[in-house]
Amino acid sequence: ATGLLLAVAAAALAGFSAYRETQKATALAEIRRTGEWMRAALNVPDHPPGDVPDIDATPKARGVYGEIERGVKLILGQRVAQYRAYMKELDEARLSDLFIPNRLARDRGMVESRLILEQSQRVVRKYSQQNQRLLADVPVTIRSLDLNEQQKDRMVEGAIKARPQQKATLARNWDLERQTLDEFEKMINLLDDNRRSWRVEHNEIVFDRDSLLNRFRAHQLTVRQLTEERARLESQQFDSLTSVLR
């Protein structure tokens, strides 16, 4: 949802030419800085749950520009809070423990592993729905800002216009997340179906047959490609929209 907010802010700020350019520039720079900080913070690999700090919504700009800046920061703050909750629930589901070799060696029938996957899939379903709701609620936050009705209408119009593309991007991101879990499940199934053909040595999985190792590595490669695609998609979207703010 970050890209949508930046696009809305750019459209709104561009229309208010009656205000001083210095305030406009301050708001644009602060919105861009906050968006770039947020992208960097949320893209840290293996991010500890709750390790992303809140966004201070206090505006640096004044007047109408400051209010728009504050509104964007408020919605970005909601996104950060949602991300923290998502990562916390994945951590509680123990997804990060899924491929710890010594745990796998103790997991007879892969019962625990499948429970981890099932809980993680529920978390993904829950937050994919919440993410779409956050996008749909942007106009509500805009309407709460201390702006005149014409200014609010302009921002809401921009939000609604950008929504179809943003919904498609969000849907693709969550689809990549689900595909990643599907690959994890295939890897667990492979280990379960070939229980006598692998073992754990020095906290590493060792396969007795190259064919099994190659299949396992193929799933790992697919996971890496899905992760890279998600990062590339988010980066392209963010870069194209932040360029409007320069």
Side-chain angles (χ1 to χ4, degrees), residues 1-43 54-83 86 127-175 230-246:
T2 308
L4 169 67
L5 301 172
L6 296 173
V8 171
L13 292 170
F16 302 150
S17 58
Y19 290 82
R20 289 189 304 168
E21 287 298 313
T22 53
Q23 297 304 318
K24 177 181 176 180
T26 298
L28 285 171
E30 184 64 12
I31 290 169
R32 184 174 62 248
R33 183 198 65 78
T34 303
E36 289 174 344
W37 169 87
M38 179 179 169
R39 181 179 68 160
L42 269 58
N43 285 341
D54 289 327
I55 291 176
D56 183 2
T58 305
K60 296 291 192 298
R62 298 178 180 178
V64 65
Y65 292 122
E67 189 63 7
I68 294 172
E69 176 194 330
R70 185 179 73 87
V72 173
K73 286 180 175 179
L74 283 173
I75 303 174
L76 289 178
Q78 294 169 2
R79 176 66 183 91
V80 167
Q82 185 185 78
Y83 169 80
Y86 173 61
Y127 282 91
S128 64
Q129 294 169 357
Q130 287 193 10
N131 211 193
Q132 292 287 0
R133 283 199 296 272
L134 181 61
L135 190 63
D137 288 344
V138 167
V140 177
T141 301
I142 292 173
R143 291 293 180 191
S144 71
L145 299 178
D146 187 16
L147 301 169
N148 64 44
E149 290 306 311
Q150 183 181 7
Q151 292 162 349
K152 293 178 184 179
D153 288 345
R154 187 176 296 137
M155 291 187 70
V156 169
E157 181 182 354
I160 292 175
K161 184 178 180 180
R163 186 179 293 168
Q165 180 180 353
Q166 292 296 320
K167 287 183 68 175
T169 301
L170 285 177
R172 180 56 182 161
N173 277 329
W174 286 107
D175 184 52
R230 185 167 61 245
R232 186 167 55 250
L233 180 66
E234 293 173 350
S235 180
Q236 288 172 351
Q237 179 196 36
F238 187 90
D239 290 343
S240 66
L241 289 167
T242 53
S243 66
V244 180
L245 299 176
R246 293 189 173 93

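Since this is a predicted model, take the numbers as computed values, not measurements.
Remark: the backbone N or O of Val64 is not paired with any side-chain donor or acceptor of Gln151 at under 3.5 angstrom. Checking side-chain atoms of Glu69 against main-chain N and O of Ala61 turns up a donor-acceptor pair under 3.5 Å. Formation of a donor-acceptor pair under 3.5 Å by the Lys167 side chain with backbone atoms of Gln132 is not found in this model.
Side-chain contact check for Arg62 versus Thr26: every heavy-atom pair is 4.5 Å or farther apart. Side-chain contact between Arg163 and Pro139: present, with at least one pair of heavy atoms (C-beta onward) separated by less than 4.5 Å. Taking the side chain as every heavy atom from C-beta outward, Tyr83 and Tyr127 never approach each other to under 4.5 Å. In this structure the side chain of Leu28 never reaches within 4.5 angstrom of the side chain of Tyr65, judged on heavy atoms. For the pair Asp153/Glu157, no side-chain contact is recorded, criterion being any heavy-atom separation below 4.5 Å from C-beta on. At a threshold of 4.5 Å between non-hydrogen side-chain atoms, the residues Glu149 and Arg143 count as touching.
We find the CG-CZ distance between Asn131 and Arg79 to be 5.0 Å, quoted to the nearest 0.5 Å. For the atom pair CZ (Arg230) and CZ (Arg232), the distance works out to 11.5 Å, reported to the nearest 0.5 Å. The CG atom of Leu147 lies 5.5 Å from the CD1 atom of Ile68; values are rounded to the nearest 0.5 Å. The structure places CG of Asp175 at 10.5 Å from OG of Ser128, a figure rounded to the nearest 0.5 Å. In this structure, OG1 on Thr58 lies 7.0 Å from NZ on Lys73, to the nearest 0.5 angstrom. From Gln130, atom CD reaches atom CG of Asp137 across 10.5 Å, with rounding to the nearest 0.5 Å.
Closest approach of Pro59 to Gly66, counting heavy atoms only: CB-O, 3.1 Å. Contact record, Ile142 with Ala159: CD1-CB, 4.3 Å, taken as the closest heavy-atom pair. The two residues Leu74 and Ala57 make their nearest non-hydrogen contact at CD2-CB, 3.8 Å.
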